[in-house]
Amino acid sequence: MNALDELTFDNRFARLGDVLSTHILPQPLDAPRLVVASDAALALLDLDAAQAELPLFAEIFGGHKLWADAEPRAMVYSGHQFGHYNPQLGDGRGLLLGEVYNDAGEHWDLHLKGAGQTPYSRGADGRAVLRSSIREFLASEALHALGIPSTRAACVIGSDTPVWREKQERGATVLRLSPSHVRFGSFEFFYYTRQPEAQKTLADHVLNAHYPECLEQPQPFLAMFRTIVERNAELIAKWQAYGFCHGVMNTDNMSILGITFDFGPFAFLDDFDANFICNHSDHEGRYAFSNQVPIAHWNLSALAQALTPLIEVDGLREALALFLPLYQAHYQDLMRRRLGFVSAQEDDLALVERLLTLMQHGGVDYNLFFRRLGEQPAEQALQKLRDDFIDLAGFDQWGQDYLARIANEDNTERTARMNGVNPLYVLRNYLAQKAIDRAEEGDYEEVRRLHRVLTRPFEQQGGMEAYAQRPPEWGKHLEISCSS
Ligand code: AMP
Ligand code: MG
């Protein structure tokens, strides 16, 4: 383990030059203090949890001090927002502080979100509020614990700095960790501004640093794009299987690594609703839950377009065509496991789809259903769960078909197996909101407790029953502000 001042930096992205990013220092927040830290994420930097308690920690991530070897940069990008191309985006409030090289030989980007204005702020204040910083922190670490690839979050720093949104709030930062902060939109920027050299520099960097296995392929860039398609197919399958709604799937919010990236008004489903829209400014439901699959494909097509100077079109088309079948295969595999099946049968997807339709009509809690289904022998579990459904005849028929389906399975260890894939604790919006309300009053205990619970989502934790309940009525209809 290292002390905070002993981090080793190797700033590969900064070395690519000023065309890809701009050097700029963080702007300090008033009275910075630790709100919450993730031991597991800090360990990626070889830092132990005690480091987060040091005054120096809040000073650094509150923008007051910096390592001599960090080289903070705002990265330039553009992107398709709600289907329309926006030619000029970039890190408007986040900074890549530098790349830390850890003892295991991994590089981790230290990205400080809420660090102040940059050349890409477009007139906005460069800040992030406490509420959205806590939400990003909790979601990153919760997704990771569920086995869903995501950027990580090492800490949230709160402050006294006033920040104006719908009302006055306070500024905060979240320290995000990821092997890369390159987005689909980074490639789009150099494509649409016709800068082929810079684009090649970026592509070479991503290939060498993040897809080295593709270097051995006959067409390395095509192999890299194919891998990006594969990773996204698996990622979106996980979102759909666990009921995660991202909310702002603009191409500038899509990571080149195929991991969950840039959290806004996201939500985990409480009651199952295929049409759920978590983003209140998404009036047409472009990013509704069930649209995430075609939208991911659309976003990959936008990336493919931007890569046409580097990769021939036929190859890009073939790779894009892999997305849907791969998505289906991953999704079916996950849903089979959630239902406790060991083997695969052809009509399993039909069984899943019938269940989702019944849930949709009944207003059934999505994640708890699977957990409860596995906790008892199937017949008893079905009997109990039945009460939640409206179409009782439909559910009884489904239950019979389900029992027939598992009759041929090896059902030893069924509960352990199903509990291992069906979380008891998910980051429900109302749980996050309760923790945020307390934190805004200066009490960070609830954020910390919720974070701890969510790091072990599959394990029943003593005294934590309240975190495994369906939301109260007020908690089902929370309007999460899109401003952040
Ligand atoms: P987001 O919706 O957070 O993904 O942000 C979209 C774009 O707006 C990115 O380029 C952000 O850096 C920029 N942006 C969002 N909020 C702010 C802010 N408060 N100040 C400056 N730039 C911002
Ligand atoms: Mg963004």
Side-chain angles (χ1 to χ4, degrees), residues 2-5 7 24-45 47-67 70 72 74 91-98 100 108-118 121 125-142 151-165 168-178 181 262-263 432 435-452 483-484:
N2 290 327
L4 196 49
D5 53 8
L7 296 182
I24 184 144
L25 292 172
Q27 288 158 7
L29 288 167
D30 300 337
R33 58 225 176 220
L34 180 71
V35 173
V36 61
S38 163
D39 302 0
L42 288 172
L44 299 171
L45 308 176
L47 293 174
D48 65 44
Q51 299 288 314
E53 306 294 337
L54 302 174
L56 179 63
F57 189 89
E59 285 167 24
I60 292 177
F61 300 117
H64 290 257
K65 287 196 177 153
L66 203 60
W67 301 268
D91 288 334
R93 56 168 162 177
L95 289 180
L96 173 60
L97 291 181
V100 166
W108 285 96
D109 279 9
L110 260 54
H111 179 101
L112 192 65
K113 191 166 178 175
Q117 287 175 317
T118 77
S121 297
D125 61 12
R127 292 302 187 192
V129 293
L130 182 62
R131 148 178 73 73
S132 67
S133 305
I134 289 174
R135 280 172 52 83
E136 170 149 1
F137 174 89
L138 291 172
S140 314
E141 294 305 282
T151 55
R152 302 295 302 275
C155 66
V156 174
I157 302 294
S159 80
D160 285 345
T161 301
V163 173
W164 285 93
R165 295 293 180 259
Q168 185 180 311
E169 301 189 44
R170 275 185 286 194
T173 57
V174 54
L175 179 64
R176 181 159 73 192
L177 307 183
S178 174
H181 276 73
D262 248 16
F263 299 85
I436 288 165
D437 290 345
R438 296 269 293 275
E440 285 182 335
E441 287 161 13
D443 174 2
Y444 307 137
E445 240 355 272
E446 185 55 25
V447 176
R448 295 177 186 189
R449 190 178 310 121
L450 179 57
H451 166 237
R452 272 196 304 276
S483 68
S484 56

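Keep in mind that what you see is a predicted model, and the values were worked out from it rather than measured.
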Residue pairs passing the salt bridge (Lys or Arg N to Asp or Glu O under 4.0 Å) test where at least one lies in residues 25-44, sequence neighbours excluded: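 Listed once each, the pairs are Arg33-Asp160.
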
Pair Lys65 + Asp5, salt bridge at N-O below 4.0 Å: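 No, no charged N to carboxylate O under 4.0 Å.
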
Tell me, please, which residues at least two apart from [X] pass side chain to side chain contact (heavy atoms under 4.5 Å, CB included).
X	value
Asp48	Met1, Ala50, Gln51
Ala115	Pro26, Leu95, Leu112
Leu34	Ala37, Ala52, Glu53, Phe57, Cys155, Ile157, Arg448

Of all residues at least two apart in sequence or in a different chain, which pass the side chain to side chain donor-acceptor pair (under 3.5 Å) check with [X]?
X	answer
Arg127	none
Arg170	none
Gln117	none
Ser38	Glu141

Which side-chain N or O atoms in residues 435-442 pair as donor and acceptor under 3.5 Å with protein atoms at least two apart or in another chain?
| unit_1 | atom_1 | unit_2 | atom_2 | d |
| --- | --- | --- | --- | --- |
| Asp437 | OD1 | Gln433 | NE2 | 3.0 |
| Arg438 | NE | Asp443 | OD2 | 3.0 |
| Arg438 | NH2 | Asp443 | OD2 | 3.0 |

Derivation and outcome, side chain to side chain contact (heavy atoms under 4.5 Å, CB included), residues Leu177 and Asp109: CA-CA 5 Å; Leu177 307 183; Asp109 279 9; over 6 Å; no

Point-to-point distance, once rounded to the nearest 0.5 Å, from CG of Leu175 to CZ of Arg152: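 Atom-to-atom, Leu175:CG and Arg152:CZ are 12.0 Å apart.
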
Where is the tightest heavy-atom contact between [X] and [Y], given as atom of each residue plus distance?
X	Y	result
Thr118	Ile24	CA-CD1, 4.0 Å
Leu97	Ala70	O-CB, 3.4 Å
Pro162	Gln168	CB-NE2, 3.5 Å
Gly126	Arg93	O-CB, 3.1 Å
Ser133	Val156	O-CG2, 3.6 Å
Gly171	Ser159	O-OG, 2.7 Å

Results of ring-ring contact (aromatic ring centres under 6.0 Å, His included) for His181 - residues two or more places apart only: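 ring-ring contact (aromatic ring centres under 6.0 Å, His included) check on His181 returns His111, Phe261.
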
Residues that Trp67 engages under ring-ring contact (aromatic ring centres under 6.0 Å, His included), provided they are two or more places apart: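 So Trp67 forms a ring-ring contact (aromatic ring centres under 6.0 Å, His included) with Phe9, Phe61.
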
Which residues share a salt bridge (Lys or Arg N to Asp or Glu O under 4.0 Å) with Arg449, sequence neighbours left out: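 Listed in chain order: Glu446.
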
Derivation of the side chain to side chain contact (heavy atoms under 4.5 Å, CB included) call for Leu45 and Trp108: CA-CA 8 Å; Leu45 308 176; Trp108 285 96; 3.9 Å; yes

So [Y] and [X], do their side chains get closer than 4.5 Å, heavy atoms only?
X	Y	answer
Val174	Arg135	no
His451	Phe137	yes
Val36	Ile134	no

